[in-house]
Amino acid sequence: EPSSTPMWQSVKKTFCNHDFQVFELSDVLYWVAITMFQTGMPYYITELMGFDDSMAFVFFAGMTVISLLFYAPVNMLAKRIGKKKLVAFAFFFFCLAFAVTSVCGQFGIPSMAWGVCVAILAAIPMAVLGILPQAVLADIAESDAVTTGENREGMFYAARTFSMTLGQTLAMILFTSISIMGANGFGYRMTAVVATVFCLVGGLVFTRYREQRVLGIIGAGTR
């Protein structure tokens with residue numbers, strides 16, 4: 001049923017939801033991290049790994065294909081162990097991918113090995129975070145509807161669009177500022193380090209999400 005609550009009051013009620021506050025903050029941090037990583041990928045591949053520009057598409061395509069292969073297992077695991085654990089795992093696994101990216105091209109390891117390693121490491125959490133956050137948000141919106149008696153799903157999804165836009169904007173500002181630091185690719189390495197930090201904090205924030213409480217409310221409301 002459409003909500004009859006005035007817009008600004010609906011916005012206030014939406015952001016007063018504790019679980020949504022946790023989700024929204026972690027989501028902003030995620031978008032900062034992933035946007036910095038995706039923006040930096042062409043530079044990581046050319047400046048740090050030493051490949052030609054044409055290889056950027058190859059690695060992006062590889063990550064996408066590998067990520068798609070994990071979609072079905074992610075859905076099955078989410079039903080078995082819950083969305084929260086998988087999303088938190090994806091945040092922390094992304095930290096590993098970003099951290100490896102920050103040192104790629106060093107230690108005498110072949111560039112192709114670095115490229116394949118980063119592509120595989122990034123593809124796994126990309127699959128999880130490409131699916132489950134929307135499902136988590138749907139759970140939060142549904143539990144809120146049961147609790148308040150108002151259906152404001154549209155407001156929750158609009159707020160997530162805002163978090164995505166905010167995170168991407170912050171990421172572009174940070175990437176532009178940090179990438180010009182130092183020489184010999186130092187700035188690009190630092191962008192990966194900063195992305196790691198944002199992703200780590202985002203994962204820690206998301207662990208505060210009360211999944212069992214949210215699902216319990218939904219279960220009680222459907223009886």
Side-chain angles (χ1 to χ4, degrees), residues 17 19-41 44 57-101 114-144 153 156-157 159-161 163-165 167-168 171 192 195-219 222:
N17 184 301
D19 292 297
F20 180 68
Q21 291 172 357
V22 171
F23 175 87
E24 187 77 348
L25 178 55
S26 68
D27 203 44
V28 171
L29 295 168
Y30 162 71
W31 282 110
V32 172
I34 190 63
T35 303
M36 289 188 71
F37 177 71
Q38 291 178 336
T39 303
M41 272 300 289
Y44 305 147
F57 171 78
V58 174
F59 285 113
F60 269 118
M63 279 192 294
T64 302
V65 172
I66 296 171
S67 178
L68 289 173
L69 295 176
F70 281 98
Y71 271 36
V74 165
N75 281 313
M76 290 187 291
L77 281 173
K79 294 177 182 177
R80 179 173 297 183
I81 68 175
K83 304 178 192 75
K84 176 181 177 179
K85 290 180 180 178
L86 269 180
V87 172
F89 161 80
F91 267 101
F92 298 134
F93 203 85
F94 244 146
C95 290
L96 175 60
F98 297 156
V100 169
T101 302
W114 283 115
V116 172
C117 181
V118 170
I120 294 174
L121 289 176
I124 297 172
M126 278 177 64
V128 177
L129 296 174
I131 303 172
L132 296 187
Q134 289 286 82
V136 170
L137 184 57
D139 289 341
I140 294 172
E142 187 174 352
S143 69
D144 184 82
E153 292 92 340
F156 281 99
Y157 283 96
R160 201 212 175 189
T161 300
S163 72
M164 178 178 69
T165 303
Q168 291 174 332
T196 303
V197 173
F198 272 95
C199 201
L200 175 61
V201 176
L204 292 173
V205 170
F206 189 79
T207 60
R208 307 298 297 173
Y209 169 57
R210 302 172 298 184
E211 183 177 46
Q212 293 306 314
R213 178 180 180 277
V214 169
L215 296 180
I217 292 172
I218 295 172
T222 55

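Source: prediction; values computed, not measured. Sequential numbering from 1 along the given sequence is applied to the chain's residues.
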> Going from CH2 on Trp114 to OG1 on Thr101, what distance comes out if it is rounded to the nearest 0.5 angstrom?
Replying inline: 9.0 Å
> If only atom types and distance count, is the side chain of Thr207 paired as donor or acceptor with the main-chain N or O of Leu204 below 3.5 Å?
Replying inline: yes
>> Show, in sequence, the C-alpha distance, side-chain angles and deciding distance for Phe91 and Val205, and conclude whether the side-chain contact (heavy atoms from CB on, under 4.5 Å) test is met.
In response: CA-CA 10 Å; Phe91 267 101; Val205 170; over 6 Å; no
> Which heavy-atom pair separates Phe93 from Pro125 by the least distance, and what is that distance?
Replying inline: CD2-CD, 3.6 Å
>> Less than 4.5 Å apart, side chain to side chain, heavy atoms only: is that true for Cys117 and Val100?
In response: yes
>> Measuring from atom OG1 of Thr196 to atom CE of Met36, what distance do you get when rounded to the nearest 0.5 angstrom?
In response: 9.5 Å
>> Within the structure provided, determine whether Glu24 and Phe156 are in side-chain contact (heavy-atom separation under 4.5 Å).
In response: no
> At what distance, to the nearest 0.5 angstrom, does CG of Asp139 lie from CZ of Arg213?
Replying inline: 13.0 Å
> Given side chains that start at C-beta, do those of Gln134 and Arg160 come closer than 4.5 Å, heavy atoms only?
Replying inline: yes
>> Quick one, Phe70 with Ile66, criterion side-chain contact (heavy atoms from CB on, under 4.5 Å). Give me CA distance, side-chain angles, the key distance, then yes/no.
In response: CA-CA 7 Å; Phe70 281 98; Ile66 296 171; 3.6 Å; yes
> Between Phe94 and Ile124, does a side-chain contact (heavy atoms from CB on, under 4.5 Å) hold up when you go through it step by step?
Replying inline: CA-CA 8 Å; Phe94 244 146; Ile124 297 172; over 6 Å; no
>> Once rounded to the nearest 0.5 Å, what's the spacing between atom OH of Tyr30 and atom CE of Met164?
In response: 10.5 Å
> Near Phe57 CZ, under 6.0 Å, is it more than 12 heavy atoms from other residues, nucleotides or ligands?
Replying inline: no
>> Ignoring hydrogens, what is the shortest heavy-atom contact between Phe198 and Ala33? Give both atom names and the distance.
In response: CB-CB, 4.1 Å
> Sub-3.5 Å donor-acceptor pair from the side chain of Gln168 to the main-chain atoms of Thr35, do we have one?
Replying inline: no
> Say you draw a straight line from CG of Leu137 to CD of Glu142; how long is it, rounded to the nearest 0.5 Å?
Replying inline: 11.5 Å
> Ser67 side chain to Ala127 main-chain N or O, any donor-acceptor pair under 3.5 Å?
Replying inline: yes
> So how far is it from Lys84 NZ to Phe23 CZ, rounded to the nearest 0.5 Å?
Replying inline: 14.0 Å
>> Which label fits Phe37 and Phe98: parallel for a plane angle under 30°, tilted from 30 to 60°, or perpendicular past 60°?
In response: tilted
>> On a heavy-atom basis, which atom in Met63 and which in Met126 lie closest, and how many Å separate them?
In response: SD-SD, 4.3 Å
> Given Val118 and Phe59, is the side-chain contact (heavy atoms from CB on, under 4.5 Å) satisfied, shown in steps?
Replying inline: CA-CA 9 Å; Val118 170; Phe59 285 113; over 6 Å; no
>> My understanding is that only residues two or more places apart in sequence, or in another chain, count here; which of them pass salt bridge (Lys or Arg N to Asp or Glu O under 4.0 Å) with Arg208?
In response: none
